[in-house]
Amino acid sequence: MKNFISVHDVSNINSLVKKALSYKAHPFKDRNLGADKRIGLLFLNPSLRTRLSTQVAAKNLGMEAIVFNVDKEGWALEFEEGAIMSGNTVEHVKDAAPILGQYFDILCIRTFPGLKNREDDYSEMFIHQFIKYAGVPVISLESATLHPLQSLTDIITIQETWHQPRRPKIVLTWAPHIKPLPQCVSNSFAQWVNAWGEADFVITHPVDYELAEQFTKGATITNNQDEALKDADYVYVKNWSTYTDYGKVYENDPNWMLTEEKMKLTNQAKVMHCLPVRRNVELSDEILDGPHSLVTREAGNRVWAAQAVIASILEQSK
Ligand code: CP
């Protein structure tokens with residue numbers, strides 16, 4: 001694996017999941033793989049799970065992890081080629097990234113979308129510019145449109161909790177939220193479940209909340225949440241803002257919040273969410289604190305996903 005910015009960087013999803021679960025069983029079995037190597041974690045946006053799980057994963061492999069909160073402590077970066085930098089940006093990525101590439105063996109970056117201009121966000125310029133200029137492998141810690149470490153974690157969590165011979169039915173459902181949120185987690189989850197190909201996959205959302213077809217193609221899509229939830233084995237709950245009329249919240253219909261009553265439609269489904277979650281807005285207390293919630297296990301698995309990805313890159317660059 002050279003970089004890790006989407007499912008397209010993975011040659012075999014099941015092998016990567018197996019590798020992650022082997023680290024879950026034996027966290028320190030490759031404690032020398034990253035000896036004398038450094039990983040840089042650049043954050044242009046906040047994080048709890050991604051930041052800490054990636055540091056723990058790197059440490060398990062013997063690497064030194066250095067975190068840099070670029071948004072708070074760094075110079076404001078410019079990403080446009082040929083920009084006349086007479087505004088707020090102070091340093092161009094083509095100057096900063098090669099330096100970071102000398103300091104680190106692997107560079108990890110979190111950059112959220114602006115949610116103002118769809119073409120800008122969906123061009124993924126920030127992460128592509130780091131890949132172009134850093135000269136070392138780049139791992140996405142969530143970009144403008146995708147969150148691949150989260151999605152790998154989600155497939156790991158589904159695989160380790162599914163013990164039946166048939167394919168699981170997985171439902172991705174939109175949930176209410178007070179703010180316009182990126183489409184990254186939902187795009188990415190759809191991309192990975194479709195690429196994995198070992199589940200019946202349904203996406204449900206209100207009218208006008210369609211996700212980009214490049215990620216959802218292959219899934220069944222419905223605006224009827226009850227119909228979608230019928231016989232579901234896993235329900236993945238996530239809010240996202242509009243894609244077509246970009247970055248808007250049209251409605252915040254509380255009826256879309258998953259409740260125990262709605263869960264009766266499912267096959268005693270397990271409930272997933274990437275966190276952070278707005279309790280009793282996106283998901284009810286009764287579900288989050290109940291026996292069907294996988295959210296804590298899911299967040300715990302972030303370490304093993306990150307460890308499998310970092311190890312795959314280290315092995316390739318040996
Ligand atoms: N799920 C996730 O990426 O969490 P953080 O934003 O806390 O990293």
Side-chain angles (χ1 to χ4, degrees), residues 4-7 17 20 24 39-60 65-73 106-115 121 124 126-127 138-158 160 170 172-175 177-193 211 215 234-241 258 270-279 281-283 287-288 293-310:
F4 183 76
I5 61 167
S6 84
V7 78
V17 169
K24 186 168 185 175
I39 188 165
L41 279 61
L42 269 56
F43 285 87
L44 286 87
N45 303 94
S47 167
L48 185 153
R49 281 143 292 269
T50 306
R51 172 179 173 146
L52 296 172
S53 63
T54 310
Q55 285 184 87
V56 172
K59 177 97 176 123
N60 288 350
I66 295 179
V67 174
F68 183 30
N69 295 311
V70 183
D71 58 331
K72 297 183 187 71
E73 297 151 4
I106 300 176
L107 208 49
C108 307
I109 297 139
R110 167 166 282 201
T111 73
F112 284 171
L115 288 181
D121 288 344
E124 290 282 16
F126 288 18
I127 203 139
V138 171
I139 295 176
S140 167
L141 301 175
E142 187 167 352
S143 65
T145 66
L146 294 170
H147 196 351
L149 280 175
Q150 180 65 51
S151 307
L152 172 58
T153 302
D154 298 333
I155 301 287
I156 292 166
T157 308
I158 290 168
E160 70 168 352
I170 300 174
L172 168 62
T173 180
W174 184 90
H177 201 282
I178 58 161
K179 285 170 60 179
L181 293 192
Q183 293 111 33
C184 313
V185 170
S186 312
N187 284 343
S188 197
F189 185 72
Q191 185 189 46
W192 279 71
V193 174
L211 292 164
F215 305 118
Y234 293 87
V235 184
Y236 198 98
V237 180
K238 187 71 185 85
N239 171 271
W240 61 86
S241 59
L258 196 65
K270 299 196 170 14
V271 177
M272 302 175 71
H273 188 287
C274 63
L275 302 178
V277 64
R278 296 234 178 197
R279 280 177 174 255
V281 177
E282 282 180 270
L283 253 174
I287 297 218
L288 281 164
S293 171
L294 286 182
V295 298
T296 306
R297 178 196 278 250
E298 188 182 355
N301 283 339
R302 290 294 304 270
V303 171
W304 319 119
Q307 194 164 335
V309 167
I310 296 168

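As the structure lists them, so they are numbered: ligands from 1, and atoms in each ligand from 1.
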Could you list the donor-acceptor pairs under 3.5 angstrom formed by side chains in residues 51-59, with sequence neighbours left out?
residue, atom, partner, partner atom, Å
Arg51, NH1, Asn69, OD1, 3.1
Ser53, OG, Arg49, O, 2.6
Thr54, OG1, Thr50, O, 2.6
Gln55, NE2, Arg51, O, 3.4

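On a distance-only criterion, Pro46 and ligand 1 share no N/O pair closer than 3.5 Å. At least one N/O-N/O distance between Leu275 and ligand 1 falls below 3.5 Å. Backbone and side-chain nitrogen or oxygen atoms of Thr50 are examined, and one is located within less than 3.5 angstrom of a nitrogen or oxygen of ligand 1.
Atom numbering of ligand 1 starts at 1 in the shown order; those under 4.0 Å from a heavy atom of Arg302 are 1 (N), 2 (C), 3 (O). If you number the atoms of ligand 1 from 1 as listed, the ones under 4.0 Å from a heavy atom of Leu48 come out as 5 (P), 7 (O), 8 (O). Atoms of ligand 1 found under 4.0 Å from any heavy atom of Cys274, numbered from 1 in the order shown, are 1 (N).
More than 12 heavy atoms of other residues, nucleotides or ligands shown are found within 6.0 angstrom of NZ on Lys72.
Tested against Asn301 for a side-chain hydrogen bond (donor to acceptor under 3.5 Å, both in side chains), the candidates Thr157, Thr296, Thr153 yield a single pass: Thr157.
Heavy atoms of Arg110 found under 4.0 angstrom from ligand 1 belong exclusively to the side chain.
When the heavy-atom distances from atom 3 (O) of ligand 1 to Arg49, His147, His273, Glu298 are ranked, the shortest goes to His147.
Scored by the ring pair (Phe, Tyr, Trp, His ring centres under 6.0 Å) test, Phe189 finds Phe201, Tyr236 as partners (sequence neighbours excluded).
A side-chain donor from one of Gln183 and Ser241 sits under 3.5 Å from a side-chain acceptor of the other.
Taking 4.5 Å as the limit, some side-chain heavy atom of Gln150 sits within range of a side-chain heavy atom of Glu298.
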